[in-house]
There are 2 protein chains.
Amino acid sequence: MDKIEVILKSALKLFVGFGFHATPTSKIAKEAGVANGTLFHYYNTKEELILALYKHTQGQLSTYVQPKVSKEDSLEMVFRSIYTNTIEWSVENKAESAFIQQFSSSPLHSLISPEDMNSQAAILLDFIHEGIKTANLKHLPADLLQTLITSHISGVTQYLLAGEFSKVKQNKIIKESFELLWDMIT
Amino acid sequence: MDKIEVILKSALKLFVGFGFHATPTSKIAKEAGVANGTLFHYYNTKEELILALYKHTQGQLSTYVQPKVSKEDSLEMVFRSIYTNTIEWSVENKAESAFIQQFSSSPLHSLISPEDMNSQAAILLDFIHEGIKTANLKHLPADLLQTLITSHISGVTQYLLAGEFSKVKQNKIIKESFELLWDMIT
DNA sequence: CATTTTATAGACTGATTAGTCAGTCGATAA
DNA sequence: TTATCGACTGACTAATCAGTCTATAAAATG
């Protein structure tokens with residue numbers, strides 16, 4: 001396994017458990033089974049490591065979701081696909097989604113440049129614009145719709161993570177909650 | 001002004017700006033204009049201070065919202081009132097709501113005892129149960145509804161905080177977004 | 001094969017941190 | 001006048017931290 005992978009994985013685990021700043025780089029190195037200095041060979045500062053981890057994790061989500069979204073489908077299917085797959089990934093990757101959440105509401109979030117900002121969000125926004133233009137969606141500010149959708153997704157994710165649900169039950173909740181959302185925005 | 005008040009206020013400001021762990025107690029003391037030791041006269045550890053600040057801030061929100069909710073009103077009015085006032089407080093108290101958000105998605109959140117947990121949430125959950133029983137609300141798991149409502153609120157709050165809206169525009173958004181939510185859950 | 005570049009190690013350092021402690025100060029009361 | 005109290009102080013310390021440095025080993029290059 002690639003050392004960078006191990007380092008990021010260890011950092012993720014510790015960050016989620018204790019928070020960025022309460023996690024010393026020395027502990028990350030130990031957890032990863034590498035020397036202290038190796039960390040700083042790949043990342044010049046701890047902050048750089050944190051930002052890299054965020055981008056990396058965001059990237060994993062995108063890589064999971066985006067191939068599953070087909071431009072050919074109806075707008076509803078596109079939304080449904082983004083919705084379902086985002087939630088599924090988040091539930092299956094608990095630590096990763098917890099980290100994204102934690103990072104997003106931390107002051108560090110302001111440090112990531114707009115172009116690095118969440119390709120996920122950009123795609124969603126595109127579809128929203130299209131949906132408004134074609135009058136599939138309610139005529140509301142696009143970024144309000146985006147925020148509502150994103151919040152809805154993170155709400156359902158939290159709900160699914162809090163309880164222990166069978167795969168079947170989980171899919172049912174995802175499906176039903178999507179109908180709620182879809183009815184709300186169309 | 002009470003020293004404790006000044007300390008909490010300073011801590012809040014710095015925590016929101018830099019994060020809990022990236023904020024040294026010495027800076028909090030300096031910002032508050034008190035001696036280093038004074039902090040530890042009131043709170044035995046830094047963690048104790050952070051937890052106290054969370055409870056204090058949560059309390060402020062409750063104190064703002066709860067008196068405005070009248071048991072006499074219809075269920076819709078109760079929800080509307082909780083919804084509207086929570087968002088209004090959050091927008092007017094940007095730092096405070098940012099802190100609640102930040103704390104809630106941090107590992108420290110697991111340290112607060114269930115009884116200290118958000119009297120706000122408990123009240124909302126009561127009304128949800130009532131709403132389900134009287135069939136005003138859709139027949140869905142109560143805590144799913146709660147999560148959806150809470151997420152919706154924090155979404156709209158984020159939206160309002162991101163842009164600069166006039167009081168009139170803001171109220172319009174709150175009103176319209178409530179109708180969306182209400183239609184969704186009834 | 002020789003040489004240069006990259007990867008890894010871990011001991012080390014200077015700065016910073018949470019928390020301590022011995023004592024000051026003003027108020028209240030004996 | 002003296003004693004007692006407790007809020008408050010700030011210099012201090014032991015521990016910890018991010019990041020550096022030197023040394024080696026492993027790859028890559030030519």
Side-chain angles (χ1 to χ4, degrees), chain A residues 1-57 59 95 99 102-103 106-113 116, chain B residues 1-57 95 99 102-103 106-113:
Chain A
M1 199 178 184
D2 192 7
K3 292 245 153 124
I4 293 188
E5 282 292 324
V6 186
I7 290 172
L8 289 179
K9 200 175 163 184
S10 306
L12 178 79
K13 178 179 165 186
L14 293 168
F15 286 164
V16 170
F18 305 101
F20 325 124
H21 289 108
T23 302
T25 51
S26 56
K27 289 247 171 62
I28 298 172
K30 188 174 278 180
E31 171 82 23
V34 302
N36 218 301
T38 306
L39 234 76
F40 292 94
H41 176 68
Y42 291 108
Y43 305 101
N44 290 318
T45 64
K46 186 185 180 182
E47 189 176 289
E48 210 173 88
L49 163 66
I50 299 173
L51 296 178
L53 178 58
Y54 176 70
K55 287 173 202 168
H56 178 254
T57 310
F99 174 72
Q102 189 184 323
F103 181 89
S106 85
L108 286 175
H109 193 236
S110 63
L111 292 180
I112 64 159
S113 53
D116 280 328
Chain B
M1 198 176 184
D2 192 6
K3 290 238 157 128
I4 293 188
E5 282 291 324
V6 187
I7 289 172
L8 291 178
K9 200 175 164 183
S10 306
L12 178 79
K13 177 179 165 186
L14 293 168
F15 286 164
V16 170
F18 305 101
F20 327 124
H21 289 109
T23 303
T25 51
S26 57
K27 289 247 172 64
I28 299 172
K30 189 175 277 179
E31 171 82 24
V34 301
N36 220 300
T38 307
L39 237 74
F40 293 94
H41 177 69
Y42 290 110
Y43 305 102
N44 290 319
T45 64
K46 186 184 178 183
E47 188 176 290
E48 211 173 89
L49 163 66
I50 299 173
L51 296 178
L53 178 58
Y54 176 70
K55 288 174 200 168
H56 179 254
T57 311
F99 174 71
Q102 190 184 323
F103 181 89
S106 86
L108 287 175
H109 192 237
S110 62
L111 292 179
I112 63 158
S113 53

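Chain letters run A, B, ... following the sequence lines, proteins first, then strands; residues in each count from 1.
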List the atom of [X], the atom of [Y], and the distance in Å for their closest heavy-atom pair.
X	Y	result
A:Glu31	A:Ser10	CG-CB, 3.4 Å
B:Val16	B:Gln102	CA-OE1, 3.9 Å
B:Ala22	B:Pro24	O-CD, 3.4 Å

Residue [X], side-chain atoms from C-beta onward, closest of [options]:
X	options	answer
B:Ala35	C:dG10, D:dT9, C:dT17	D:dT9
B:Thr45	D:dC17, C:dG19, C:dA7	C:dG19
A:Ser26	C:dA9, D:dA7, D:dC17	D:dC17
B:Asn36	D:dT9, D:dG19, D:dA11	D:dA11
B:Lys3	D:dT9, C:dA9, D:dA18	D:dT9
A:Phe40	D:dT20, C:dA18, C:dA9	D:dT20

Nearest whole Å is fine: how far is [N] [atom2] from [X] [atom1]?
X	N	atom1	atom2	answer
B:Phe20	C:dA18	CZ	C1'	17 Å
B:Lys27	D:dG10	NZ	C1'	17 Å
A:Asp2	C:dA7	CG	C1'	11 Å
A:Ile7	C:dA7	CD1	C1'	11 Å
A:Ile28	D:dC17	CD1	P	11 Å
B:Lys46	C:dT17	NZ	C1'	8 Å
A:His41	C:dT5	NE2	P	14 Å
A:His21	C:dA18	NE2	C1'	16 Å

Would one find a side-chain N or O of B:Thr38 under 4.0 angstrom from OP1 or OP2 of D:dT9?
yes
Gap separating the CZ atom of B:Phe15 from the CG atom of B:Leu53, nearest 0.5 angstrom:
6.5 Å
Side chain to side chain contact (heavy atoms under 4.5 Å, CB included) between B:Ile28 and B:Leu39: does it pass, once the steps are laid out?
CA-CA 8 Å; B:Ile28 299 172; B:Leu39 237 74; 4.1 Å; yes
